[in-house]
Amino acid sequence: MHEWALAEGVIKTAVEKAKESKMKSIDEIDLKIGEMQDIELDIFKFALDELMKEYGMKAKINIRIQKTKFKCNVCNYEWHFDEFELTEDEKEFVHFLPESIFSHARCPKCGSQYFEIVEGRGVWIEAIRGKK
Amino acid sequence: MIDARLEIIEERLKRIKRIVAVSSGKGGVGKSMVSATMAMALSKKYKVGLLDLDFYGPSTHIIMNAGDKPAEKNGLIPPLVENIKFMSIIYFTEDKAAPLKGKDIINAIIELLAITIWDELDFLIIDMPPGMGEEVMAILKFMKEAEFIVVTTPSILSWETVKKLLLFLKNNRCKILGIVENMVMEHSIKNEIEKFGRYLGAIKFDASIEKFIGNANKIMESDFGKDVEKIAMKI
Ligand SMILES: Nc1ncnc2c1ncn2[C@@H]1O[C@H](COP(=O)(O)OP(=O)(O)O)[C@@H](O)[C@H]1O
Ligand SMILES: [Mg+2]
Ligand SMILES: [Zn+2]
């Protein structure tokens with residue numbers, strides 16, 4: 001997914017949730033980002049800063065990248081994203097739509113396309129801290 | 001933990017006036033032909049988008065002969081195909097199979113909805129896969145205002161399955177625009193359909209349609225195109 005779209009999602013969600021729990025200010029946000037989203041951190045952080053200015057926010061944003069883990073449903077082999085051999089085009093497709101991995105890749109061990117993304121997908125807000 | 005992608009979806013869809021999902025219990029009844037042709041008919045007067053949500057059997061890009069790729073700008077801007085903003089999984093999978101499982105389908109839909117910048121639209125037409133899978137549930141969850149057009153053929157095998165979809169949609173308080181009867185020859189089940197909801201119209205079986213696939217003008221000029229256009233004007 002695109003960095004700006006993602007930053008927009010994070011800030012909007014945080015603002016909504018803060019409103020719901022009657023927070024006056026948001027001081028800190030903990031984010032977990034799946035490695036598969038293939039985020040350019042510089043762009044992402046810049047986008048977050050710009051959007052926070054727009055919303056009059058000044059929160060510290062802690063970003064944790066979660067490594068990818070795949071598991072084959074046929075042979076039970078487990079592996080990381082680096083083990084795939086993808087072309088530049090395919091990497092770009094996966095950046096925009098992580099599920100396209102099921103079209104472009106197979107289990108490195110048995111060749112099956114019946115595998116799972118166990119970890120490393122999505123963008124999660126783990127915690128929002130602020131003053132009430 | 002909160003999924004940060006969900007909040008963007010609302011933002012992305014908020015300038016779309018009407019979302020119309022073309023669905024059916026059955027495959028092969030003409031959903032893709034009807035949705036693409038309806039999008040083309042509506043685009044003569046309105047700003048229209050077309051989203052192909054049939055991940056296993058994307059077809060609308062073939063019907064409309066879509067070539068250009070989406071452009072990247074704070075998300076993805078759908079290319080204009082026949083003056084319709086077009087988005088499909090084929091831009092990410094090319095001609096390969098997309099063997100997605102339940103939760104992969106939901107994730108793929110969330111991602112597509114979050115990255116696609118439709119901007120302002122009068123209509124977003126969605127070509128749905130057959131049945132009541134995750135794609136229908138995603139509409140229930142993320143596009144509560146969506147209206148359904150349900151396609152059947154006059155065959156009892158199609159209609160019996162389509163009735164179940166209609167029941168499901170009613171139970172879940174979905175808006176049903178009406179039912180389209182496609183591939184009508186001498187036998188029509190109009191009376192039967194009217195007991196279940198609004199009959200949007202019949203589309204005759206048109207043996208010439210196969211050779212017009214990929215040629216928008218030819219489709220619109222065909223008997224099939226004319227029948228679909230009449231239906232489009234009713235919604
Ligand atoms: N009214 C019609 N007359 C003749 N053939 C049709 C008609 N509607 C659809 N078809 C053909 O039926 C097949 C299935 O149509 P399609 O739109 O792919 O169905 P679905 O999307 O429901 O699976 C296609 O080959 C299409 O050209
Ligand atoms: Mg179809
Ligand atoms: Zn395997």
Side-chain angles (χ1 to χ4, degrees), chain A residues 1-17 20 29-34 36-37 39 43-44 47-48 50-51 61 66 73 87 89-106 112-118 121-128, chain B residues 1-14 51-58 69-79 87-119 134-135 138 142:
Chain A
M1 159 145 13
H2 199 279
E3 287 79 4
W4 273 88
L6 208 55
E8 209 178 318
V10 169
I11 299 299
K12 282 218 165 80
T13 312
V15 169
E16 271 314 300
K17 294 296 156 187
E20 271 172 35
I29 303 172
D30 292 347
L31 281 186
K32 182 174 82 179
I33 301 179
M36 254 193 121
Q37 306 294 130
I39 294 293
I43 304 176
F44 184 55
L48 285 171
E50 291 296 303
L51 286 162
I61 301 188
Q66 185 189 38
N73 287 317
T87 66
D89 276 354
E90 288 166 347
K91 276 186 197 153
E92 173 95 355
F93 295 149
V94 173
H95 168 58
F96 281 115
L97 189 72
E99 275 61 42
S100 65
I101 192 75
F102 293 105
S103 302
H104 305 304
R106 293 150 177 271
S112 167
Q113 276 176 297
Y114 183 31
F115 60 85
E116 306 282 338
I117 306 171
V118 184
R121 171 155 206 355
V123 184
W124 306 94
I125 299 183
E126 293 189 299
I128 303 169
Chain B
M1 281 207 293
I2 312 160
D3 190 335
R5 298 169 304 170
L6 301 182
E7 196 72 36
I8 327 172
I9 294 182
E10 207 179 308
E11 177 72 22
R12 293 281 181 258
L13 298 177
K14 80 175 179 211
L51 172 63
D52 195 326
L53 273 193
D54 190 348
F55 296 154
Y56 300 132
K69 297 216 151 72
E72 193 182 338
K73 191 169 180 276
N74 292 4
L76 289 182
I77 318 251
M87 183 52 80
S88 165
I89 194 170
I90 56 127
Y91 290 128
F92 313 95
T93 57
E94 299 181 304
D95 287 336
K96 296 174 191 166
L100 305 185
K101 302 173 291 304
K103 71 172 191 312
D104 307 321
I105 295 179
I106 300 187
N107 269 321
I109 294 176
I110 292 176
E111 209 83 16
L112 275 182
L113 294 179
I115 51 174
T116 309
I117 300 177
W118 297 104
D119 204 17
E134 301 293 350
E135 300 83 353
F142 300 119

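Residue numbers begin at 1 in each chain, while the letters A, B, ... track the order of the sequences. Reckoned from all heavy atoms, side chains included, excluding hydrogens, waters and symmetry mates. Predicted, not measured: the structure shown is a model, and the values here were computed from it.
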Any Lys/Arg nitrogen of A:K17 or B:E7 sitting under 4.0 Å from an Asp/Glu carboxylate oxygen of the other?
no

Okay, B:A108 and chain A: the region with an atom under 4.5 Å from a heavy atom over there is both

Is B:L6 close to chain A through its backbone or its side chain, or both, or neither, when contacts mean heavy atoms under 4.5 Å?
neither

Would you compute the distance between atom CD1 of B:I2 and atom CG of A:L31 and round it to the nearest 0.5 angstrom?
10.0 Å

Would you indicate whether B:K103, at its atom NZ, is surrounded by more than 12 heavy atoms from other residues, nucleotides or ligands within a distance under 6.0 Å?
yes

So A:E99 and B:K101, do their side chains get closer than 4.5 Å, heavy atoms only?
no

Scanning both residues in full, the closest heavy-atom pair of B:A114 with A:A5 reads O-CB, 4.3 Å

Quick one: closest heavy-atom pair of A:V10 and B:A4, and the distance?
CG2-CB, 3.8 Å

Nearest 0.5 Å, what's the OG-CD1 distance between A:S100 and B:I90?
12.5 Å

Distance check, rounded to the nearest 0.5 Å: A:K32 atom NZ versus B:M1 atom CE?
3.5 Å

Should we say atom CD of A:E126 is surrounded by more than 12 heavy atoms from elsewhere, each under 6.0 Å from it?
yes

Check the orientation of B:F92 and A:F93. Use parallel for under 30°, tilted for 30 to 60°, and perpendicular for over 60°.
perpendicular

Below 4.5 Å, heavy atoms only, C-beta onward: do B:K96 and A:E90 meet side chain to side chain?
yes

Atom pair OG (A:S103) and CG (B:D95), whose distance is rounded to the nearest 0.5 Å
10.5 Å

Kindly compute the distance separating CG (A:L97) from OG1 (B:T93), expressed to the nearest 0.5 Å.
8.5 Å

Do the side chains of B:E72 and A:E92 get nearer than 4.5 Å, heavy atoms only?
yes

Relative to chain A, which segment of B:Y91 carries a heavy atom at a distance below 4.5 Å: side chain, backbone, both, or neither?
backbone

When rounded to the nearest 0.5 angstrom, what is the spacing between CG in B:L76 and CZ in A:F96?
4.5 Å

Check whether any side-chain heavy atom of A:W124 sits under 4.5 Å from a side-chain heavy atom of B:D3, and report yes or no.
yes

Can you tell which of A:D30, A:I125, A:I117 has the highest number of heavy-atom pairs within less than 4.5 Å of chain B?
A:I125

